[in-house]
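Note that ligands are numbered from 1 as they come in the structure, with each ligand's atoms numbered from 1 the same way.
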Amino acid sequence: MFKISNGNPFESRKECLIVGLIEKPEKFTGMLEPLDQIFDGELTDLVKSGDISAKHKSIAVIHGLGKSNVKRFVFVGLGKEKEISFTGLKEAFGAASKKLASMRIRNVAIALDSFVSEKIREEEAALAFSEAFIMATYQFEGYRQKSNEPEIKIDTVEIFTNGNHDEIKLAAEVGSTYGEGTNFARTLVNLPGNMLKASDLAQYARELGEKHSFEVEILNKEEIEKLGMGAFLAVNQGSVEPPYMIVLKYQGKDEWTDVMGLVGKGITFDTGGYSIKPKDGIVGMKTDMGGAAAVLGAMEIIGNLRPEQNVVAVIPTTDNMISGNAFKPDDVITSLSGKTIEVLNTDAEGRLVLADAMTYAKHHGANYLVDVATLTGGVIVALGLDKTGALTNDEALFEKVLEASYEAGEFIWRLPYTEKDKERVRGSKVADLNNSPGREGHAIMGGAFIGEFAEGTPWVHLDIAGTATTKSDHELGPAGATGVMARTLALLVENFYLEKE
Ligand code: BES
Ligand code: ZN
Ligand code: ZN
């Protein structure tokens, strides 16, 4: 898709050229000066009149009308130079990409130089563009009957640069790898529950494993029973669909040490069980495997980039249904770790499946654990729909997750986690733990419950109930699944090292 070219982007014939505009000069300067000359200074007039704006994320399409070899220019507003960030640049590129996708053209070119600023080098601009382009133009095909109109899609992007071609090409490919991994996660989340059962999720994971030569282990119900994953099995008890415990291992070091465990909640549909959800709250619960999707999206990126790291991905997958066999409030179950759990709410099922997955990740040698889950409505009440809630037992690991999230542009906010919180999840008269100590601070309770299964292992919990989906279109994609945390997890792995004491 990406082609790197030298020279002046304004000279040769092209369908469309993307040009960045920094909010500052009244006049076109630098590389844009010759362009303004081609138009006899009219571009400067259009900037003055506001038809072309350099305001962040503003997009203007100007036609060459025979004056230039370029048929159309897409001017991308970048805002004030000092305020341009990596994330902001991706948003501007996303807005431009959406415009391009609506233009029914096949080839675009980009004047990379025009996107360089104080904090952004050419390689970063290339990465930002390709990631944003792939994400912004994502569409979930859906199940409508097809129209006969031929689809016209952009299939080549020519990057004009005077920089190092290999480095720019690599950056563009890395960016599109991150974009594609995110889109893979989005598609899994967008699939309805009848099209993505636990067995289907297991099949996607198997195919991913084969594609990237991961070691794949997929436990079936019998094996899960044999191992004694009582918490996971309880959630599956009311379903006619068998559960699967998915394990993917990527070994990038000589030894199986310093293993990062990525654990994702894979509930393909959450009815709430006997603590049934109200009719409005149940719609959308096909997305309750957003954590699993984030982990698989990250593994897709990791499989392509092949960093020198070790990763084990663990995904418990089932739906949470009701039947004569289903588990019930008041039931007491025994987890793989041996800890017993009093079930007070069958709708707090995510923490139950994750409990066994955390323990199983440790069996596979995980030295660090990050769990990702659409775990609680409480995190939405606390932080809104645009922030992922976090909990941790380890400052250093949390710092690394936070750094990765900054780089990915995915907002994380840490919630407090105290001894009192631990006491509340340990407060049961009949068992070691209870799965629902009440509504007060229940996003914290969800995380705190999972933390009991980290035991001494450094761990970060990410609650994506608010961020896994979005109600409206945005610069980097359509309404629906966001693929949130696929990029953060992949960046965490790529950049990971902890200073040893
Ligand atoms: N899957 C839900 C959480 C959720 C809510 C995800 C909204 C996405 C959007 C989870 O299993 C759940 O039902 N949590 C309960 C926990 C409670 C019973 C302690 C909740 O948040 O209400
Ligand atoms: Zn639930
Ligand atoms: Zn759930």
Examine Lys197 relative to Phe269 and say whether NZ or CZ is less than 6.0 Å from the centre of the six-membered ring and inside a 45° cone about the ring axis. no
Contact (N/O only, under 3.5 Å) between Glu349 and ligand 1: yes
Give a yes or no answer on whether the side chain of Asn393 reaches the backbone of Trp459 with a donor-acceptor pair at less than 3.5 Å. yes
When you measure from atom 15 (C) of ligand 1 to every protein heavy atom, which one gives the shortest distance, and what is it? Asp347 O, 4.0 Å
Checking only N/O/S atoms, does Ala373 have one that is under 2.8 Å from the Zn ion (ligand 3)? no
With a 4.5 Å limit on heavy-atom distance, are the side chains of Leu233 and Ile224 in contact? yes
Give the contacting part of Arg351 toward ligand 1: side chain, backbone, both or neither, where contact means a heavy-atom distance below 4.0 Å. side chain
Considering Ala465, Ala348, Pro437, which one's heavy-atom position lies nearest to atom 6 (C) of ligand 1? Ala465
Check: Gly290 main-chain N/O paired with Thr287 side-chain donor or acceptor under 3.5 Å: no
Examine Lys422 relative to Tyr417 and say whether NZ or CZ is less than 6.0 Å from the centre of the six-membered ring and inside a 45° cone about the ring axis. yes
Do Thr376 and ligand 1 have an N or O pair less than 3.5 Å apart? no
Can the positive tip of Arg186 be found less than 6.0 Å from the middle of the six-membered ring of Phe140, inside 45° of the ring normal? no
Check for me whether Lys90 meets the cation-pi criterion with Phe86, that is, NZ or CZ under 6.0 Å from the six-membered ring centre and within 45 degrees of the ring axis. yes
Side-chain donor-acceptor pair under 3.5 Å between Tyr178 and Glu494, yes or no? yes
Decide whether an N or O pair under 3.5 Å exists between Gly377 and ligand 1. yes
If I take the Zn ion (ligand 2) as the centre, what angle separates the OE1 atom of Glu349 from the OD2 atom of Asp270? Nearest 10 degrees is fine. 90°
Report, rounded to 10°, the angle at the Zn ion (ligand 3) between the two atoms OD2 (Asp288) and NZ (Lys265). 100°
Any idea which of His442, Lys265, Met285 brings a heavy atom closest to atom 4 (C) of ligand 1? Met285
Numbered atoms of ligand 1 (with element) below 4.0 Å of Asp270, judged on heavy atoms: 1 (N), 2 (C), 10 (C), 11 (O), 13 (O)
Polar contact flag for Ser436 and ligand 1 (N/O pairs, less than 3.5 Å): no
Could you tell me the residue and atom name of the protein heavy atom closest to atom 18 (C) of ligand 1, and the distance to it rounded to 0.1 Å? Asn345 ND2, 3.1 Å
Nearest neighbour in protein (non-hydrogen) for atom 14 (N) of ligand 1: Leu375 O, 3.3 Å
Given side-chain hydrogen bond (donor to acceptor under 3.5 Å, both in side chains), test Glu91 with His56 step by step and report yes or no. CA-CA 9 Å; Glu91 286 170 358; His56 183 219; 4.5 Å; no
State whether the shortest distance between N or O atoms of Lys277 and N or O atoms of ligand 1 falls below 3.5 angstrom. yes
Would you say the side-chain atoms of Asn367 and Asp258 include a donor-acceptor pair closer than 3.5 Å? no
